[in-house]
A.B. asks: 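I'd like to ask you about the structure that follows.
Values below: every heavy atom of this structure, side chains too, minus hydrogens, waters and symmetry copies. All figures in this text were calculated on a predicted structure; none of them were measured in a lab.
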Amino acid sequence: MFDNIEFNSIPGNRDKHRLRFMGLTTCGFCRKAKQFLDDNDFSYEYLYLDKIDPDEKKKLKIEFSEHFDKRLSYPTLIIDDKEILTGFIRIAWEQELLEDA
């Protein structure tokens, strides 16, 4: 999934799952979600969609919608290309990520 898009990588000690974070630089919830991943030492990849080419962004959104049958919203965390967390609700992210870490 998203083979033609280059994500930035952040190393961390929690690397049990492949995590891909997508957000916007102007989004406060995106910053909080990314900070959550950093504070909890997760290894993850991230992409700010407002920093990529509009055509690439359009293709990515279509691919996301086809794969997950949902419209992309921000922030989104893709777990092992199978599950997604959308929005940043700390308790939901803690339950999904910390209890399984």
A.B. asks: Just how far is it from atom CZ of R18 to atom CE of M1, taken to the nearest 0.5 Å?
C.D. replies: 9.0 Å

A.B. asks: Both conditions, 6.0 Å and 45 degrees, for the charged tip of K61 above the ring of F64: are they met here?
C.D. replies: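 Not flagged: K61 not positioned over aromatic ring of F64.
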
A.B. asks: Please report the shortest heavy-atom distance between G23 and Y74, naming the atom on each side.
C.D. replies: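 Nearest heavy atoms, G23 then Y74: CA-CD2, 3.8 Å.
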
A.B. asks: Measure from NZ or CZ of R20 to the centre of the six-membered ring of F2 and say whether it is under 6.0 Å with the direction within 45° of the ring axis.
C.D. replies: no

A.B. asks: For the pair L37 and Y46, evaluate side chain to side chain contact (heavy atoms under 4.5 Å, CB included) and give the outcome as yes or no after the intermediate values.
C.D. replies: CA-CA 10 Å; L37 296 172; Y46 74 94; over 6 Å; no

A.B. asks: Donor-acceptor pair, D80 side chain versus K82 backbone, under 3.5 Å?
C.D. replies: no

A.B. asks: With heavy-atom distances below 4.5 Å as the criterion, would you say the side chains of L85 and F21 are in contact?
C.D. replies: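 When only atoms from C-beta onward are counted, F21 and L85 do not touch, as no gap falls below 4.5 Å.
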
A.B. asks: Can you label the angle between the F36 ring and the W93 ring as parallel, tilted or perpendicular, going by 30° and 60°?
C.D. replies: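 F36 and W93: perpendicular rings.
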
A.B. asks: How many angstroms lie between NZ in K70 and OG1 in T86, if you round to the nearest 0.5 Å?
C.D. replies: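 Going from NZ on K70 over to OG1 on T86, the span is 5.0 Å.
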
A.B. asks: Give the minimum heavy-atom separation between R71 and S65, together with the two atoms involved.
C.D. replies: CA-OG, 4.0 Å

A.B. asks: Kindly say whether S43 contributes a backbone atom to a donor-acceptor pair with the side chain of D15 at under 3.5 angstrom?
C.D. replies: no

A.B. asks: Do H67 side-chain atoms and D81 backbone N/O form a donor-acceptor pair below 3.5 Å?
C.D. replies: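 Present.
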
A.B. asks: Which is it for F7 and M22 under the side chain to side chain contact (heavy atoms under 4.5 Å, CB included) test, yes or no, and what are the steps along the way?
C.D. replies: CA-CA 9 Å; F7 282 73; M22 293 190 288; 3.9 Å; yes

A.B. asks: Please check this pair: side chain of D50 against backbone of T25, looking for a donor-acceptor N/O pair closer than 3.5 Å.
C.D. replies: yes

A.B. asks: Any heavy-atom pair between the side chains of L98 and N40 that's under 4.5 Å?
C.D. replies: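 The answer is yes, as the side chains (C-beta and beyond) meet within the 4.5 Å cut-off.
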
A.B. asks: About how many Å separate CG of D38 and OH of Y44, when rounded to the nearest 0.5 Å?
C.D. replies: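 These two atoms lie 3.5 Å from each other.
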
A.B. asks: Considering residues, nucleotides and ligands other than D39, do more than 12 of their heavy atoms fall under 6.0 Å from its CG?
C.D. replies: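 Enclosed: over 12 neighbouring heavy atoms sit under 6.0 Å from CG of D39.
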
A.B. asks: Distance check, rounded to the nearest 0.5 Å: I84 atom CD1 versus T76 atom OG1?
C.D. replies: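 The CD1 atom of I84 sits 6.0 Å away from the OG1 atom of T76.
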
